[in-house]
Amino acid sequence: MCGRTACTLCKEDVQKACSYKNKKTGKYELPKWGRNPKNKQQYMPSYNIAPTDITPIIVPGTNFLGETNRMLQPMMWGMIPPWQNGNYKSHGYSTHNCRFEGLLNSKLYSAPLNKGKRCVIVCDGFYEWKTKGGPRNPYFIHLPQEDGIHVEDSDTWINDWDEDNGWKGPKLLHMAGLYEIWTSPEGEEIYSYAMITMESDDTLSWLHHRMPVILKGQEIDDWLDVERISGTQAIHILSPIKKLPRELKWHPSVYPNE
DNA sequence: CCAGACGTTGTT
DNA sequence: GTCTGG
DNA sequence: CCAGACGTTGTT
DNA sequence: GTCTGG
């Protein structure tokens, strides 16, 4: 399933779209982009993002000695196993998705979970290919938007932001992920992540039997609060029964180009 | 103890 | 058919 | 997720 | 790196 997304905002607009309210001041704050002098990974906006591409990821600032509560870090989609040597894109494992079921027992994913390497993937939306009945069709799945705003049409966006009102542009999807930092033999730090998937709920089961774990509101805060909430507790919060209802929109899509 | 696996989706 | 690269 | 390759020998 | 099977 989820093997293709879209994220079309420029770096600065991603910051604005990911701004969050400081509970003390009541003002919206911009998450800073992580600065890694050694790291060549660059995010490029695209409406056809595939595994091995670099996308914007929200990480807890506490994991990065950041000055902001949340940080943005460009990461490669497809978690590099920590034992990998040599070419990090050819490890032979499918790690762009990771199943929610059995996460605590996974040899690969329990390590980042227990280390608090939780992250949130942001995107305009994702593609899912409907296989039930008729031809194989891609659908684009995204959040409901304000009247007149279409997430797939940037001409309808008004990308305003200020610290009192926050972001007025398109609403981005937030999905639960786990990440690792892999160090190449040359000493370069490569950030990579896996998107957590679950059994589809009523919203999307007509389309496909698996879907990403989509977060909203307090779930985002909790998933990123690795100081206060343990891996096990976080998994509990994400249990499909506990989760807040997902409000999603979709439309049939042409095959993602560009 | 060491050796070997570690992952997903979809399809049959 | 099945694997790899993006 | 899809698209594209899937091979060899010999020569530069 | 870390767990499982033998």
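Here is how names work: the chains are called A, B, and so on, in the same order as the sequence lines, proteins then strands, and each is numbered from 1.
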> Do A:I229 and A:I237 pass the side-chain contact (heavy atoms from CB on, under 4.5 Å) test, and can you show the C-alpha distance, the side-chain angles, and the key distance before you say yes or no?
Replying inline: CA-CA 10 Å; A:I229 295 174; A:I237 288 165; 4.1 Å; yes
>> Quick one, A:T197 with A:V213, criterion side-chain contact (heavy atoms from CB on, under 4.5 Å). Give me CA distance, side-chain angles, the key distance, then yes/no.
In response: CA-CA 5 Å; A:T197 66; A:V213 172; 5.9 Å; no
> What's the verdict on side chain to side chain donor-acceptor pair (under 3.5 Å) for A:T52 and A:W77, showing C-alpha distance, side-chain angles and the deciding distance?
Replying inline: CA-CA 5 Å; A:T52 70; A:W77 189 10; over 6 Å; no
>> One pair to check against side chain to side chain donor-acceptor pair (under 3.5 Å): A:S46 and A:N48. What are the steps and the verdict?
In response: CA-CA 5 Å; A:S46 166; A:N48 185 9; 5.9 Å; no
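Remark: C1' of E:dG1 and CE of A:M79 are 11 Å apart, rounded to the nearest angstrom. Separating the CD atom of A:E199 from the P atom of B:dT8 is a distance of 14 Å, rounded to the nearest angstrom. Computed from coordinates, the A:F140 CZ to D:dC1 P distance equals 17 Å when rounded to whole Å. Look at CD1 on A:I49: it is 16 Å from P on D:dC2, rounded to the nearest Å. Going from atom CD of A:E101 over to atom P of B:dT9 covers 8 Å, rounded to whole Å. Following rounding to the nearest Å, A:F126 (CZ) and B:dT8 (C1') show an atom-to-atom distance of 16 Å.
Using cut-offs of 30° and 60° for the angle between ring planes, the A:W129 and A:Y127 rings count as tilted.
Counting only residues at least two apart or in different chains, salt bridge (Lys or Arg N to Asp or Glu O under 4.0 Å) contacts with residues 214-231 of chain A comprise A:R70-A:D221, A:K216-A:E247, A:E219-A:K243, A:D222-A:R228, A:D225-A:R228.
Near DNA chain B, meaning a heavy atom under 4.0 Å from it, residues 174-183 of chain A has no residue at all.
Closest contact between the side chain of A:W129 and the listed nucleotides B:dG7, D:dC1, B:dT9 involves D:dC1.
Comparing the same atom, P, in B:dC2 and in D:dT8 gives a spacing of 39 Å after rounding to whole Å. Nucleotides D:dC1 and B:dT9, compared at atom P, are 8 Å apart to the nearest Å. For the P atoms, the distance from D:dA3 to B:dT11 is 15 Å, rounded to whole Å. Only the P atoms considered, B:dC6 is 25 Å distant from D:dG7, to the nearest whole Å. Comparing the C1' positions of D:dG10 and C:dT2 gives a spacing of 29 Å, expressed to the nearest Å.
Counted within 6.0 Å of NE2 on A:H251, heavy atoms from surrounding residues, nucleotides or ligands total more than 12; the atom is thus considered enclosed. For A:Q233, the CD atom counts as densely surrounded, since its 6.0 Å shell holds more than 12 non-hydrogen atoms of other residues, nucleotides or ligands. Within 6.0 Å of CG on A:N87 lie more than 12 heavy atoms contributed by other residues, nucleotides or ligands. When the shell of 6.0 Å around CG of A:D202 is examined, it contains 12 or fewer heavy atoms from other residues, nucleotides or ligands.
Of the possible polar contacts, one joining the A:D124 side chain to the A:T8 backbone as a donor-acceptor pair under 3.5 Å is found. Side-chain atoms of A:W223 never come within 3.5 Å of backbone atoms of A:V226 as a donor-acceptor pair (strictly under, hydrogens ignored).
With a cut-off of 3.5 Å on both pairing distances, the Watson-Crick and G-U wobble pairs of DNA chain E assemble into stems of 3 or more at B:1-6 with E:1-6.
Scanning all heavy atoms of the two residues, the minimum distance from A:S90 to A:Q84 falls at O-NE2, 3.6 Å.
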N/O-N/O pairs, protein side and nucleotides 2-6 of chain C side, under 3.5 Å:
unit_1 : atom_1 : unit_2 : atom_2 : d
C:dG5  : OP2    : A:S90  : OG     : 3.4
C:dG6  : N2     : A:R4   : NH2    : 2.3

Grab the N/O contacts between the protein and nucleotides 3-6 of chain B below 3.5 Å, and write none if there aren't any.
none

Taking distance alone, no hydrogens or angles, what donor-acceptor pairs closer than 3.5 Å link side-chain atoms of residues 107-115 of chain A to residues at least two apart or in another chain?
unit_1 : atom_1 : unit_2 : atom_2 : d
A:Y109 : OH     : A:N97  : O      : 3.4
A:S110 : OG     : A:S106 : O      : 2.5
A:N114 : ND2    : A:S110 : O      : 3.1
A:K115 : NZ     : A:E180 : OE1    : 3.4

